[in-house]
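Following: one structure in structure tokens, then a few remarks.
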Number of protein chains: 4
Amino acid sequence: MHDSAPSPRALKKRDQILDTALKVFAREGFAETDVQVIADLAKVGKGTVYRHFGNKRELFLATARHSVEKLSEFLREQVKEGSSSVQILREIATSYARYFELHPESVEIMIQERASFREQVFPTHLMHRAETRNEFETFLNQAMAAGELRQVDVADVTNAFADLLYGSVVSGCLEGAKGSLLQRVDRAIDIFLHGLLPTAQVS
Amino acid sequence: MHDSAPSPRALKKRDQILDTALKVFAREGFAETDVQVIADLAKVGKGTVYRHFGNKRELFLATARHSVEKLSEFLREQVKEGSSSVQILREIATSYARYFELHPESVEIMIQERASFREQVFPTHLMHRAETRNEFETFLNQAMAAGELRQVDVADVTNAFADLLYGSVVSGCLEGAKGSLLQRVDRAIDIFLHGLLPTAQVS
Amino acid sequence: MHDSAPSPRALKKRDQILDTALKVFAREGFAETDVQVIADLAKVGKGTVYRHFGNKRELFLATARHSVEKLSEFLREQVKEGSSSVQILREIATSYARYFELHPESVEIMIQERASFREQVFPTHLMHRAETRNEFETFLNQAMAAGELRQVDVADVTNAFADLLYGSVVSGCLEGAKGSLLQRVDRAIDIFLHGLLPTAQVS
Amino acid sequence: MHDSAPSPRALKKRDQILDTALKVFAREGFAETDVQVIADLAKVGKGTVYRHFGNKRELFLATARHSVEKLSEFLREQVKEGSSSVQILREIATSYARYFELHPESVEIMIQERASFREQVFPTHLMHRAETRNEFETFLNQAMAAGELRQVDVADVTNAFADLLYGSVVSGCLEGAKGSLLQRVDRAIDIFLHGLLPTAQVS
DNA sequence: CATGAATGAGTTTTCATTCAT
DNA sequence: TATGAATGAAAACTCATTCAT
């Protein structure tokens, strides 16, 4: 009837469902997932899942959002202010990799989201979110102004940085991938910072 | 039963189906695709599709393989020998981008393949193919020996290069993406070559 | 998932489906039966049929089992203790025939089961069931000991008796068969008891 | 165009198909049989099968007929005139059993025919065939007239005899059946001849 | 005549979603 | 609110039959 704030009880059940959904969607993929399985593993009735999320699509989207939020949180915790810009750049990348190493299901969710919903839904992936993007570009501008980074179009850097991370994570999590994801990203960032060309660089 | 060589007639029908499948799988995604639709658009009976490919999964995989082969071919045509190593690196990236700009469906197929089949199947994506990989790493080694590129672990460079391209293509093809894919990749490679750090580089 | 006791409601629906399935399988044969038809006639959704029985094969097997159980019950009700052994033998045969005359669909189910599942499944046909068989052979032994029947190998008698009944029922239910099944079985048992050879029997 | 007699070449191919069909129908059952499999095993094109038999149903029926004819032939070869009536009766039963022991596929065909076509088609099973039936009843009449058999309604005897054989063969061929079919039939006929009642019989 | 590629009607089975309890 | 039984739309896949070569 009324639209009061959700009870803590309801919130708990919600999270219980989201956590289960994350595992199942990641393991089976969106299309292959049977909502009944999520309900069973979350120890709730199927009706409850639908009460909370409306339909399978929304359940998935909520799961993806939840996943990105946890990633965001993790990044904020990990990346400390006060370091040099380059250090921060490295820390972002490293934390990003570490997060996905700790939560490989999140990679699958990210991939499933892209595969099943494409442009139709607002892309929840971190670097694409306007807010984060702005924040990041401001950071880049300051670093360039301070002479810590080369003067390059910040949008281009943002794109390249995000694309490199995205590609590394997606490729680095495949069964066959050798070495840790963390290492893969670290090396990639190294090249990204120093470039491939022979040079007499500062840092 | 029989294992005779396929008639040219059969091959033609096969390609007819594959071309249609590419479009439909790209538009709808693997799970959402109804084989009947492919059959209808390819102007063949559904039975014919199954006769040629056995099941939906194999049809998709054949489509993906077909797609990679066309990309491979395109790259070999576009990337001319005789240029400088850096030039070749750029040409690979550019051609790669140009291909996907010409055939945006191929991006979707690549994504769908990763999303629906993961590590279960041999990854057909170009840079993952051992053969291509070896070829590429040999090229890098030569370039480094010639002093055209910095001395870096070739495996790391290959990974980073491939991941950057993959990420750029996947992100750059989304509806919301501004600018052309070609531009996005071009700028990314630029940064990748020169690095982000302030420097007094040669080229 | 859950394994709680089925509710009476569920049991009712189960029986409703089984009764319909008996009719349809008998009329159309196993392979020719469309589960949709059973669902429609049972006034339930097709999903409900599958929820209860898993698949067509299990539905059929459950139907066959159900049918045998009803036959068993009928026989126990009809065949009264206390008569002479010969009388009981006749009563078994007669009741058997009467049952199939009342429920001709059961004959078809029996035939379909043999035709579609052969030795793969435990033969549910009455006389084949070890339990009933032992019971029957004990009865024969007593009758022979009491001098009411000739001394013959009980296993052979059981086989012959069962085979004769089975054959009579299967043949006697065909469209073209003249006379009632009851009569056919009665006459067959008569010959079976007295033999074909000319004789001066006691009766 | 014209309707000339089939060439010996055609007849050979016909038999080749029928022999294969017998095996496949027996192994898979009517509904489960794929005509393509028969064609492959018979080393002819599928079209050829259809040219010769029109459709699957007719192919099966021809197979069943073929099977009965071979049984008939076998019986005529095996059952010698000149023996006593009782001896002939035994020989019919024994030969019948022996035939099915030699050709277990024929049992399955018989069962499949009953299961899939019931009364719809003229029953090809031996004892049901009017011609054979008349012949058999004439034989019984003579035996009774000669005092070799008890005076019983010949139609009843024929039914019982046929039903007993049918039931024995169908039951005796199941995987689990102990002892040989021949033995089972032999013992059954023994009881059938002498009866179950205690007696002072002649033979 | 022989062949086997092509066809599409027909069936099984699944699962998102609803709703009575 | 929570539940899970019921539903039926939707899709994969098969195979009898046809017919162009």
Side-chain angles (χ1 to χ4, degrees), chain A residues 1 6-7 9-10 13 31-40 43-59, chain B residues 1-2 4 6-7 9-10 13-14 17 31-40 42-59, chain C residues 1-2 4 6-7 9-10 13-14 17 31-40 43-57 59, chain D residues 1 6-7 9-10 13 31-40 43-59:
Chain A
M1 294 298 132
S7 71
R9 187 185 263 283
K13 199 154 268 188
E32 290 298 296
T33 290
D34 183 343
V35 175
Q36 182 71 65
V37 171
I38 295 177
D40 289 348
K43 313 234 192 247
V44 299
K46 210 201 296 209
T48 306
V49 176
Y50 276 85
R51 161 174 313 285
H52 279 276
F53 298 95
N55 59 37
K56 190 184 177 183
R57 179 195 170 94
E58 290 306 325
L59 171 59
Chain B
M1 292 297 132
H2 315 280
S4 50
S7 71
R9 183 183 270 284
K13 196 149 272 189
R14 212 189 120 91
I17 294 171
E32 290 300 296
T33 291
D34 182 346
V35 176
Q36 181 71 65
V37 171
I38 295 177
D40 290 350
K43 312 231 190 252
V44 299
K46 191 181 353 192
T48 306
V49 176
Y50 278 92
R51 152 181 276 286
H52 278 274
F53 298 96
N55 59 39
K56 190 184 177 183
R57 178 196 170 94
E58 290 306 323
L59 171 58
Chain C
M1 292 296 132
H2 316 280
S4 51
S7 71
R9 184 182 269 284
K13 197 149 272 189
R14 212 189 121 90
I17 295 171
E32 289 299 298
T33 290
D34 181 346
V35 175
Q36 181 71 66
V37 171
I38 295 177
D40 289 349
K43 311 228 190 255
V44 299
K46 197 184 340 196
T48 306
V49 177
Y50 277 91
R51 152 181 276 286
H52 278 274
F53 298 96
N55 59 39
K56 190 183 176 183
R57 178 197 170 93
L59 171 59
Chain D
M1 294 300 131
S7 71
R9 186 185 264 282
K13 198 153 269 189
E32 291 298 296
T33 290
D34 183 344
V35 175
Q36 181 70 65
V37 170
I38 295 177
D40 289 347
K43 314 232 190 246
V44 299
K46 209 199 299 208
T48 306
V49 175
Y50 276 86
R51 161 173 312 287
H52 278 276
F53 299 96
N55 59 37
K56 190 184 177 182
R57 179 195 171 94
E58 290 306 324
L59 171 58

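Residue numbering restarts at 1 for every chain, and letters A, B, ... go by the order of the sequence lines.
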Seminar exercise, completed: What one should report as the nearest heavy-atom pair of A:A31 and A:K56 is O-NZ, 3.4 Å
Exercise. Of the non-hydrogen atoms in D:Y50 and D:N55, which two are nearest, and what is the gap between them?
Worked result: CE2-CA, 3.7 Å
For this session: Please state how far atom CZ in D:R57 lies from atom P in F:dT17, giving the value in whole angstrom units.
Result: 11 Å
Exercise. Whom does F:dA6 pair with, Watson-Crick or G-U wobble, provided both distances fall under 3.5 Å?
Worked result: E:dT17
Exercise. Taking atom C1' of E:dT17 as reference, at what distance in whole Å does atom CG of A:L59 sit?
Worked result: 13 Å
Exercise. To the nearest 0.5 Å, what is the distance between CD (A:Q36) and CD1 (A:I38)?
Worked result: 10.5 Å
For this session: Mind listing the closest non-hydrogen atom pair of B:I17 and B:A42 along with its distance?
Result: CA-CB, 4.2 Å
Taking N or O atoms only and anything under 3.5 Å, show me the protein contacts with nucleotides 8-11 of chain F, one pair per line.
residue : atom : partner : partner atom : Å
F:dG8   : N7   : C:G47   : N            : 3.3

Seminar exercise, completed: Here the distance between atom P of E:dT7 and atom CG of B:D40, to the nearest Å, is 11 Å
For this session: Give a yes or no on this: more than 12 heavy atoms of other residues, nucleotides or ligands lie within 6.0 Å of atom CD of C:E32.
Result: no
Problem set entry | Under 4.0 angstrom between A:R51 side-chain N/O and F:dT1 OP1 or OP2 | no
Problem set entry | Phosphate OP1/OP2 of F:dA5 contacted by C:K13 side-chain N/O (<4.0 Å) | no
Exercise. For A:I38 and E:dT17, what is the distance between atoms CD1 and P respectively, to the nearest whole Å?
Worked result: 12 Å
Problem set entry | Under-4.0 Å side-chain N/O to phosphate OP1/OP2 contact, D:H52 with E:dC1 | no
Seminar exercise, completed: Rounded to whole Å, the CZ-C1' distance (D:F53 to E:dA2) equals 15 Å
Seminar exercise, completed: C:Y50 OH to E:dT13 P, in whole Å, measures 4 Å
Exercise. Under a 3.5 Å cut-off for both distances, is F:dA12 Watson-Crick or wobble paired, and to whom?
Worked result: E:dT11
